[in-house]
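A quick note: this is a predicted structure, and the numbers were derived from the prediction, not measured.
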Amino acid sequence: MATIKDVAARAGISYTTVSHVVNGTRPVSDPVRDKVEAAIAELGYVPSGVARSLRARATGTLGLLVPNASNPYFAELARGIEDHAERNGYSVILCNSDDDIDKQLRYLRVLVERRIDGLIVATVASDKAFAEALAGLRVPLMLVDRSLDGVTADRVQVDHERGGFLATQHLLELGHRRIACIGGPASTQVVQLRAAGYRRALAGAKVEALPVVDCAFTSPAGYAAAQALLADHEPPTAIFAGNDMIALGVLRAAAERGVRVPEQLSVVGFDDIEVSRYLYPALTTVGQSIGQLGETAAARLLARIRTPDLSAEQQLVEPTLVLRESSAAPQA
């Protein structure tokens with residue numbers, strides 16, 4: 001691979017002059033510039049982005065830390081972040097922690113070592129060490145869809161409690177009274193807030209809440225939880241799933257047991273991932289524009305990079321109920 005010294009030798013010009021042409025650090029006459037550009041083209045020379053970023057003290061890169069890149073929610077979120085970043089001249093380094101706190105910490109160190117200009121964190125799992133590491137960062141930080149104790153940073157977050165309330169209220173208005181909730185990982189703030197909305201809606205209707213099922217945010221976990229609920233001697237007539245991936249597993253379990261959705265079982269999810277509208281029956285869910293959430297997070301982070309002294313902003317996004325085919329009044 002050609003180096004800047006090779007370009008200088010081919011053009012018959014000093015190394016320093018070639019560097020000025022490549023980096024735009026000093027005016028150079030047109031004839032000299034033409035010689036350098038011709039030599040670059042002949043040799044296929046590619047300037048070192050790392051070297052230039054060290055001089056400029058900026059790399060044009062953002063870090064994005066997610067817990068599960070195979071979950072369509074995080075894929076759609078990453079796409080929104082990447083689209084906005086690319087339009088503004090930034091690249092995104094994506095790190096997938098697989099819900100592993102130790103891996104999360106290792107990736108955080110890797111991103112810092114790569115001298116990222118800013119970091120977006122959309123993790124589910126957290127512990128004291130991770131929160132302390134984030135609090136001690138010297139790069140602009142953006143939290144998406146959750147807060148972390150002891151970490152002061154910009155944050156954009158869906159109103160999870162309101163979303164859980166809307167989903168459960170919808171089922172109550174249809175006439176359901178035995179409504180189960182397969183929440184997701186009970187230790188996470190997101191699940192706790194959505195479950196609180198579920199309980200608030202039931203309490204308002206003076207309907208007893210069932211224990212919230214603790215499971216992973218995955219379709220296999222939703223499938224296993226639904227199998228257990230539907231095998232009960234008094235199964236629920238409706239299930240509020242903590243996310244759409246759990247709901248997908250619920251639909252599979254119902255189909256295997258010959259339980260018709262929505263005639264015998266109503267199912268409501270959360271997130272409105274793209275695949276939810278193409279399931280059969282199409283999934284009723286609590287919606288949020290995931291891509292727009294990513295765009296909003298990226299825009300705020302870039303504003304923070306440009307103006308570091310901005311006060312921390314907390315933005316709460318209002319969720320909406322997306323009515324489709326998986327919810328209906330219970331059979332008599």
Side-chain angles (χ1 to χ4, degrees), residues 72-73 159-184 186 191 193-288 319-332:
Y73 170 85
D159 190 339
H160 298 291
E161 196 276 345
R162 174 69 176 163
F165 177 85
L166 289 175
T168 311
Q169 184 182 53
H170 166 63
L171 294 169
L172 288 166
E173 289 173 348
L174 289 173
H176 293 277
R177 290 299 178 267
R178 188 162 176 79
I179 303 170
C181 176
I182 305 176
V191 172
L193 290 170
R194 293 177 186 179
Y198 159 78
R199 295 190 187 97
R200 178 164 70 91
L202 292 175
K206 293 182 171 55
V207 173
E208 182 182 0
L210 301 177
V212 175
V213 179
D214 179 4
C215 69
F217 268 143
T218 64
S219 297
Y223 171 85
Q227 286 282 13
L229 288 170
L230 296 175
D232 191 84
H233 71 281
E234 193 178 356
T237 63
I239 294 177
F240 165 43
N243 74 351
D244 289 348
M245 296 302 291
I246 291 175
L248 195 155
V250 173
L251 292 176
R252 177 69 186 184
E256 285 189 5
R257 300 187 71 87
V259 177
R260 298 190 307 278
V261 177
E263 293 86 357
Q264 295 173 296
L265 177 70
S266 285
V267 181
V268 178
F270 202 116
D271 286 339
D272 192 25
I273 60 175
E274 186 175 12
V275 72
S276 66
R277 62 206 73 166
Y278 298 107
L279 298 173
Y280 185 78
L283 183 66
T284 294
T285 185
V286 176
Q288 49 179 314
T320 58
L321 185 68
V322 182
L323 297 175
R324 295 197 181 104
E325 301 165 353
S326 66
S327 56
Q331 290 184 337

Legend entry - Shortest non-hydrogen separation from V268 to A167 and the atoms involved: CG1-CB, 3.7 Å

Inset, instruction - In plain terms, say whether R194 and D271 are close enough for a salt bridge, that is, a side-chain N and a carboxylate O under 4.0 Å apart. - result: yes

Legend entry - Residues in side chain to side chain donor-acceptor pair (under 3.5 Å) contact with R324, at least two apart in sequence or another chain: D272, S276

Inset, instruction - Would you mind reporting whether L202 and I179 have side-chain heavy atoms less than 4.5 Å apart? - result: yes

Inset, instruction - Show the numbers, then the answer: is there a side-chain contact (heavy atoms from CB on, under 4.5 Å) between L265 and I239? - result: CA-CA 8 Å; L265 177 70; I239 294 177; 4.1 Å; yes

Legend entry - Exercise: identify the closest heavy-atom pair between A180 and L229: CB-CD1, 3.9 Å

Inset, instruction - List in chain and number order the residues that pass side chain to side chain contact (heavy atoms under 4.5 Å, CB included) with A224, two or more places apart in sequence or in another chain; answer none if no residue qualifies. - result: none

Legend entry - Heavy-atom pair of closest approach, residues A221 and A216: CB-O, 3.5 Å

Legend entry - For A205, side chain to side chain contact (heavy atoms under 4.5 Å, CB included) partners two or more places apart: L172, V207

Inset, instruction - Find out whether V286 and V322 are in side-chain contact, i.e. whether some heavy atom of one side chain is under 4.5 Å from a heavy atom of the other. - result: no

Legend entry - Whether E325 side chain and A282 backbone form a donor-acceptor pair below 3.5 Å: yes

Legend entry - Point-to-point distance, once rounded to the nearest 0.5 Å, from NE2 of H160 to CD of Q288: 7.0 Å

Inset, instruction - Could you give me the CA-CA distance, side-chain angles and deciding distance for I246 and S219, then say whether side-chain contact (heavy atoms from CB on, under 4.5 Å) is met? - result: CA-CA 5 Å; I246 291 175; S219 297; over 6 Å; no

Legend entry - P72: side chain to side chain contact (heavy atoms under 4.5 Å, CB included) partners, not counting sequence neighbours: E76, M245, I273

Legend entry - Any residue meeting salt bridge (charged side-chain N to carboxylate O under 4.0 Å, His left out) with E256, in chain and number order, not counting sequence neighbours: R252

Legend entry - Derivation of the side-chain contact (heavy atoms from CB on, under 4.5 Å) call for L283 and L248: CA-CA 9 Å; L283 183 66; L248 195 155; over 6 Å; no

Inset, instruction - Enumerate the residue pairs fulfilling side chain to side chain donor-acceptor pair (under 3.5 Å) with a member in residues 163-182, sequence neighbours excluded, ordered by first and then second residue. - result: H170-S327, H176-T237, H176-S266

Legend entry - Results of salt bridge (charged side-chain N to carboxylate O under 4.0 Å, His left out) for R260 - residues two or more places apart only: none

Legend entry - Contact summary for G222 and V250, nearest pair of heavy atoms: O-CG2, 3.9 Å

Inset, instruction - With rounding to the nearest 0.5 Å, note down the distance linking CD1 in I182 to OH in Y198. - result: 10.5 Å

Legend entry - V213 versus A225, closest heavy-atom pair with distance: CG1-CB, 3.8 Å

Legend entry - Nearest-0.5 Å distance that lies between atom CG in D159 and atom CG in L193: 8.0 Å

Inset, instruction - Can you tell me which residue pairs pass the salt bridge (Lys or Arg N to Asp or Glu O under 4.0 Å) test with a partner in residues 197-211, sequence neighbours excluded? - result: E161-R200

Inset, instruction - Report yes if the side chains of Y223 and T218 come closer than 4.5 Å at any heavy-atom pair, otherwise no. - result: no

Legend entry - Nearest heavy atoms of A247 and G269, plus distance in Å: CB-CA, 4.2 Å

Legend entry - Residue pairs fulfilling salt bridge (Lys or Arg N to Asp or Glu O under 4.0 Å) with at least one residue in residues 237-249, sequence neighbours excluded: none

Inset, instruction - Determine yes or no for a side-chain-to-main-chain donor-acceptor pair under 3.5 angstrom, with T285 supplying the side chain and F270 the backbone. - result: yes

Inset, instruction - With sequence neighbours left out, write down each residue that passes side chain to side chain contact (heavy atoms under 4.5 Å, CB included) with A228, or none if nothing qualifies. - result: none

Inset, instruction - Can you measure from CG (L166) to CG (L171) and round to the nearest 0.5 angstrom? - result: 11.0 Å

Legend entry - Test side chain to side chain donor-acceptor pair (under 3.5 Å) applied to Y73 - qualifying residues, sequence neighbours left out: D145

